[in-house]
Q: 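Encoded as structure tokens, here's the structure I'll be asking about.
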Protein chains: 2
Amino acid sequence: MSYSIIHEFLLGFIKIHILYHADKEPVFGQAFKQELKRHGYDISYGTLYPIFHTLERQGYLHSKKENIKGKIRKYYTITTKGKRVLQQSRIKAKELFDELFEK
Amino acid sequence: MSYSIIHEFLLGFIKIHILYHADKEPVFGQAFKQELKRHGYDISYGTLYPIFHTLERQGYLHSKKENIKGKIRKYYTITTKGKRVLQQSRIKAKELFDELFEK
DNA sequence: GATTATAATATCGAAAATCGATATCGAAAA
DNA sequence: TTTTCGATATCGATTTTCGATATTATAATC
């Protein structure tokens with residue numbers, strides 16, 4: 001079976017969405033997933049965590065482990081390089097969306 | 001190597017984009033690809049044609065072969081079922097985009 | 001009427017992305 | 001020192017995407 005059209009759409013801009021959020025405040029995997037879920041969208045941990053790792057490896061995010069009530073969280077915040085990429089990407093994405101679809 | 005953030009975004013809504021166009025006028029693979037190219041985006045035939053096939057198999061598009069100056073084109077137009085799906089998808093996609101990203 | 005040219009579609013094996021399930025981690029509590 | 005638990009990490013299987021190559025069908029050329 002294949003993924004739904006909307007799920008594909010969500011996956012397509014998940015990186016932009018992560019950068020967008022990590023620009024506002026530190027984010028971590030579990031909460032990020034749950035926030036999406038609240039909106040009615042589901043993304044697997046097997047997809048999500050590797051995306052965080054990739055964005056960090058590419059230097060767009062940087063992480064810091066924190067001990068919250070005895071549990072370890074890995075908070076990600078955007079880097080300067082990440083901000084540049086986000087800036088470009090969000091402009092392009094908006095353009096593309098309007099241009100090719102919404103008019 | 002991985003695909004670029006914008007390319008991923010494009011791929012994410014390629015089906016919606018195809019349905020959207022096929023709702024306005026008949027579309028065929030070659031021209032569709034070239035139109036994207038004019039906008040600066042590239043998608044492989046190995047990706048594009050199977051997507052058309054899938055959308056047809058799912059009953060969202062229906063095709064008709066035509067002889068244009070001795071060359072065969074397969075024109076796709078949207079079906080009633082496709083219109084329903086497009087309607088739902090575009091609303092959801094817009095919502096999702098605004099909600100999770102643009103505000 | 002056989003051969004060549006060509007616009008367009010179709011397909012294939014390899015690479016990448018995604019999933020869902022399971023494993024691991026690390027500190028606190030028991 | 002064992003158990004608990006929120007959270008991250010990873011694994012094999014499935015699905016998607018790519019770029020290259022093959023195929024199709026007609027027109028033009030000889």
Side-chain angles (χ1 to χ4, degrees), chain A residues 1-18 21-22 25-38 41-58 60-77, chain B residues 1-18 21-22 25-38 41-58 60-77:
Chain A
M1 270 296 286
S2 69
Y3 314 130
S4 80
I5 288 184
I6 287 301
H7 187 67
E8 284 175 4
F9 182 73
L10 171 67
L11 285 176
F13 82 112
I14 195 74
K15 285 183 188 168
I16 298 177
H17 181 209
I18 289 172
H21 262 260
E25 76 243 319
V27 298
F28 67 102
Q30 187 101 344
F32 187 84
K33 182 178 187 329
Q34 280 164 6
E35 196 232 323
L36 277 181
K37 191 102 182 210
R38 248 178 280 120
Y41 304 103
D42 227 331
I43 183 173
S44 160
Y45 284 125
T47 303
L48 188 58
Y49 283 117
I51 287 175
F52 275 108
H53 301 164
T54 299
L55 290 174
E56 181 166 34
R57 187 162 22 80
Q58 293 176 324
Y60 301 157
L61 293 179
H62 110 278
S63 68
K64 200 173 119 189
K65 290 186 181 177
E66 280 192 38
N67 177 347
I68 306 291
K69 293 187 187 175
K71 300 301 174 313
I72 298 298
R73 281 185 197 168
K74 206 164 162 187
Y75 279 108
Y76 289 91
T77 46
Chain B
M1 268 299 285
S2 68
Y3 315 130
S4 81
I5 287 184
I6 287 301
H7 186 68
E8 284 173 6
F9 182 73
L10 171 67
L11 285 176
F13 79 111
I14 196 75
K15 285 183 187 167
I16 298 176
H17 182 208
I18 288 173
H21 262 260
E25 78 243 316
V27 299
F28 67 101
Q30 188 101 345
F32 187 84
K33 183 178 185 330
Q34 280 163 6
E35 196 232 322
L36 276 181
K37 191 101 180 210
R38 249 178 277 119
Y41 303 101
D42 227 331
I43 183 174
S44 162
Y45 284 124
T47 303
L48 188 58
Y49 283 117
I51 288 175
F52 275 108
H53 302 165
T54 299
L55 290 173
E56 182 166 35
R57 184 160 25 80
Q58 294 176 325
Y60 302 158
L61 292 179
H62 110 276
S63 69
K64 199 173 120 190
K65 289 186 179 179
E66 281 192 38
N67 177 348
I68 306 291
K69 292 188 188 174
K71 300 300 173 312
I72 298 298
R73 283 184 195 169
K74 206 164 163 186
Y75 279 108
Y76 290 90
T77 45

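Below, read A as the first sequence line, B as the second, and so on, with proteins coming before strands; counting in each chain starts at 1.
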Q: Looking at every non-hydrogen atom in both residues, tell me the closest pair between A:Ala22 and A:Leu61 and how far apart they are.
A: CB-CD2, 3.6 Å
Q: How many Å lie between CD on A:Glu66 and C1' on D:dG6, as a whole number?
A: 15 Å
Q: Could you check how far CG of A:Leu48 sits from C1' of C:dG20, rounded to whole Å?
A: 14 Å
Q: Could you spell out the base pairing of DNA chain C in dot-bracket, with Watson-Crick or G-U pairs whose two distances are under 3.5 Å, [ ] crossing and | to another strand?
A: ||||||||||||||||||||||||||||||
Q: Please name the pair of heavy atoms, one in B:Tyr49 and one in B:Gln30, separated by the smallest distance, quoted to 0.1 Å.
A: OH-N, 3.7 Å
Q: Sequence neighbours excluded, which residues qualify as side-chain contact (heavy atoms from CB on, under 4.5 Å) partners of A:Ile6?
A: A:Ser4, A:Tyr41, B:Ser89, B:Lys92, B:Ala93, B:Leu96
Q: Enumerate the residue pairs fulfilling salt bridge (Lys or Arg N to Asp or Glu O under 4.0 Å) with a member in residues 42-55 of chain A, sequence neighbours excluded, ordered by first and then second residue.
A: A:Lys33-A:Asp42, A:Lys37-A:Asp42
Q: In whole Å, what is the span from the CG atom of A:Leu55 to the C1' atom of C:dA17?
A: 14 Å
Q: Counting C-beta onward and ignoring hydrogens, is there a side-chain heavy-atom pair between B:Leu36 and B:His17 closer than 4.5 Å?
A: yes
Q: For the residue pair B:Tyr3 and B:Leu10, establish whether any side-chain heavy-atom pair is separated by less than 4.5 Å.
A: no
Q: To the closest 0.5 Å, what do you measure between CG (A:Leu48) and CD1 (A:Ile43)?
A: 5.0 Å
Q: Could you give the distance from OH (A:Tyr76) to CZ (A:Phe32), rounded to the nearest 0.5 Å?
A: 12.0 Å
Q: Which residues pass the side-chain contact (heavy atoms from CB on, under 4.5 Å) test with B:Thr77, not counting sequence neighbours?
A: B:Pro26, B:His62
Q: Rounded to the Å, how far apart are A:Tyr41 OH and C:dT18 C1'?
A: 19 Å
Q: Using whole Å, report how far CZ of B:Phe52 lies from P of D:dT16.
A: 17 Å
Q: If a protein heavy atom is under 4.0 Å from the base, mark B; if only from the sugar-phosphate, S; if neither, -; do that for nucleotides 3-11 of chain C going 5' to 3'.
A: ---BBSBBB
Q: Check the angle between the aromatic planes of A:Phe9 and A:Phe13 and answer parallel, tilted or perpendicular using the 30° and 60° thresholds.
A: tilted
Q: Counting only non-hydrogen atoms, which of residues 7-18 of chain A are less than 4.0 Å from DNA chain C?
A: A:His7, A:Leu11
Q: Base, sugar-phosphate, or nothing for A:Ser44, non-hydrogen atoms under 4.0 angstrom?
A: base
Q: Considering the options B:His53, B:Lys74, B:Glu56, which one meets the side-chain hydrogen bond (donor to acceptor under 3.5 Å, both in side chains) requirement together with B:Ser63?
A: B:Glu56
